[in-house]
Amino acid sequence: MPKKDKPIPPIDIEHADAFIATLEGRTASSYRYALNKLADFIASTEYAPEHQAPYPVSCLHDDVIWRFDVWLKDQGRKPTTRDAYIAALKRFLIWLDAGDLLSHFQVGKAINRYKAMRGNERHSKTGRAPDPGIPRIVTYYDSLPLPPANTPENKKKRLVLLRARAIVHTLYASAARVSEVASLTRDAVLDGRAKEVRITGKGDKPRMILLTPEAQKAIAAYCRERGKDGHPALFIAHYSTNISDKVKKAGKPLSRTSLWQVIRDAANELEIHQNVSPHAFRHFRAQQLLNEGMDLAVLQSYLGHADIGTTRRIYAPHTELAKVRAQLNRYGKSPQEATESNE
């Protein structure tokens, strides 16, 4: 008898499960965990003593973000964990507000109150040094032989491989966020002819991403193989699959999770770190460009960061370390060399 998946218990907050249903993959699971912690906070404190689970959103007020953060700190949660939980709560409140489900206070006021109460406390977050094996994922897909288009099955395999090449080249060239790459359309990239592509980035802000000639070539080959199929998305499914009892139909735009799988498949073959992700391309490319001398302000524009401080905090420490290492390799002497030079 096949094992049945255990049903996921509902979150004890009104509308929370509907919100989680709009998310995918790791984001959905991490946000579910965060909102369950929010329910624990309400249950274990005097925040809403007149209510019992499941808690209505009417029991949330403009102090909920900072009160939740204080509770997390008292629970001994690490600053980075607190940041993640607070990010989930903010996004939940914004979703409620967008659906006219949060009319009794303003989300902006709640966020400002949280910032004011937090004061000068800041969590110093620097990015992890990117995996140097990232470029090998691109060359891995480029090196795979392209099947001949002599059978329907081989035609699908050709499309899947050409799609993978286009995905990794686009990630590498643009250093775009995975959600930005997943949202690309054939019209936007002009089937590979566009060097610059206007997109809607983080925070619904318009920005441009750049494509290298290699990325343009990979996109063009993929689009040429697809022909005029009538599907506007750039990266789509090419066969129907059953995933968690949901049918993904051919022609449906690829999700961020599907793009993640393209990277993970190559990483497994190459025995690269198992947690490598599409976002790792962004970190690798940014660090590479900064190490080679790109101006920090230019890098900020390339990445689409609203604040140059973000760019500096994440990437500058690694660049300084790389410079120190280069100077150490150039001028440093081994114990043997130092002994000989003093004789």
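- At least one side-chain heavy atom of Leu184 sits under 4.5 Å from a side-chain heavy atom of Ile209.
- Taking hydrophobic clusters as Ile, Leu, Val, Met, Phe, Trp and Tyr residues chained together by side-chain heavy-atom distances below 4.5 Å, Val70 shares a cluster with Phe41.
- The shortest heavy-atom contact between Trp260 and Val276 is NE1-O, 4.2 Å.
- Minimum interatomic distance between Ser255 and Glu24 (heavy atoms only, all atoms of both residues): CB-OE1, 3.1 Å.
- Ile86 and Ile94 fall within the same hydrophobic cluster, where Ile, Leu, Val, Met, Phe, Trp and Tyr residues are linked whenever their side-chain heavy atoms come under 4.5 Å apart, directly or through other members.
- For the atom pair CD1 of Ile42 and CD of Gln52, the computed distance is 13.0 Å after rounding to the nearest 0.5 Å.
- Looking at heavy atoms from C-beta onward, Ile236 lies in side-chain contact with Asp229 at the 4.5 angstrom threshold.
- For an aromatic pair to be called close, the ring centres must be under 6.0 Å apart, and Phe92 with Tyr31 fails this.
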Derivation of the side-chain contact (heavy atoms from CB on, under 4.5 Å) call for Lys37 and Gln75: CA-CA 11 Å; Lys37 284 298 172 187; Gln75 295 288 310; over 6 Å; no
Test side-chain contact (heavy atoms from CB on, under 4.5 Å) applied to Ile65 and Arg113, step by step: CA-CA 8 Å; Ile65 303 176; Arg113 190 168 181 182; over 6 Å; no
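- By the criterion of side-chain heavy atoms lying less than 4.5 angstrom apart, applied directly or through intervening Ile, Leu, Val, Met, Phe, Trp or Tyr residues, Phe105 is grouped together with Ile13 in one hydrophobic cluster.
- A side chain to side chain contact (heavy atoms under 4.5 Å, CB included) with Leu93 is found for one member of Val57, Val107, Ile111, Leu101 and no other, namely Val107.
- For the pair Leu159 and Arg226, the minimum side-chain heavy-atom distance is below 4.5 Å.
- In terms of heavy atoms, Gly230 sits closest to Pro232 at O-CD, 3.6 Å.
- Between Asp17 and Arg32 there is a side-chain heavy-atom pair separated by less than 4.5 Å.
- Of all the heavy atoms in Leu23 and Arg91, the pair that sits closest is CD2-NH2, 3.2 Å.
- The hydrophobic cluster containing Trp66 also contains Leu35, counting ILVMFWY residues as joined when their side-chain heavy atoms lie under 4.5 angstrom apart, directly or transitively.
- Note that OG1 of Thr139 is 11.0 Å distant from CD1 of Ile134, once rounded to the nearest 0.5 Å.
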Trace of the side-chain contact (heavy atoms from CB on, under 4.5 Å) decision for His169 with Asp142: CA-CA 9 Å; His169 273 286; Asp142 282 346; 2.9 Å; yes
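- Using a 4.5 Å heavy-atom threshold, the side chains of Val262 and Pro278 count as separate.
- Among all heavy-atom pairs drawn from Ile137 and Ala266, the shortest one is CG2-CB, 3.8 Å.
- Put simply, CZ on Arg186 and CD1 on Ile219 are 11.0 Å apart, with the number rounded to the nearest 0.5 Å.
- Relative orientation of the Phe68 and Trp71 rings is parallel, given thresholds of 30° and 60° on the angle between their planes.
- Remark: the Gln261 side chain and the Arg264 side chain contain no N/O donor-acceptor pair separated by less than 3.5 Å.
- Within the 3.5 Å criterion, the main-chain N or O of Tyr141 finds a donor-acceptor partner in the side chain of Arg165.
- The NE2 atom of His238 sits 5.0 Å away from atom CZ of Arg163, with the distance rounded to the nearest 0.5 Å.
- Rounding to the nearest 0.5 angstrom, the gap separating the NZ atom in Lys78 from the CG atom in Asp83 is 13.0 Å.
- At most 12 non-hydrogen atoms from other residues, nucleotides or ligands lie less than 6.0 angstrom from NZ of Lys217.
- Using a 4.5 Å cut-off on side-chain heavy atoms (C-beta onward), Val64 and Leu38 make contact.
- Listed here is the closest heavy atom pair of His51 and Ser58: CE1-OG, 4.5 Å.
- Between the side chains of Tyr47 and Asp63, a donor-acceptor pair is found at a separation under 3.5 Å.
- Inter-residue side-chain proximity for His104 and His61 is flagged as met; some heavy-atom pair is nearer than 4.5 Å.
- Annotation: side chain of Tyr140 is not in contact with side chain of Val168 (no heavy-atom distance under 4.5 Å).
- Interatomic distance, Leu60 CG to Leu102 CG, rounded to the nearest 0.5 Å: 7.0 Å.
- There is no path of hydrophobic side-chain contacts, each under 4.5 Å, that joins Met208 to Phe281.
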Full working for side-chain contact (heavy atoms from CB on, under 4.5 Å) between Leu211 and Lys195: CA-CA 5 Å; Leu211 298 176; Lys195 296 179 180 179; 5.7 Å; no
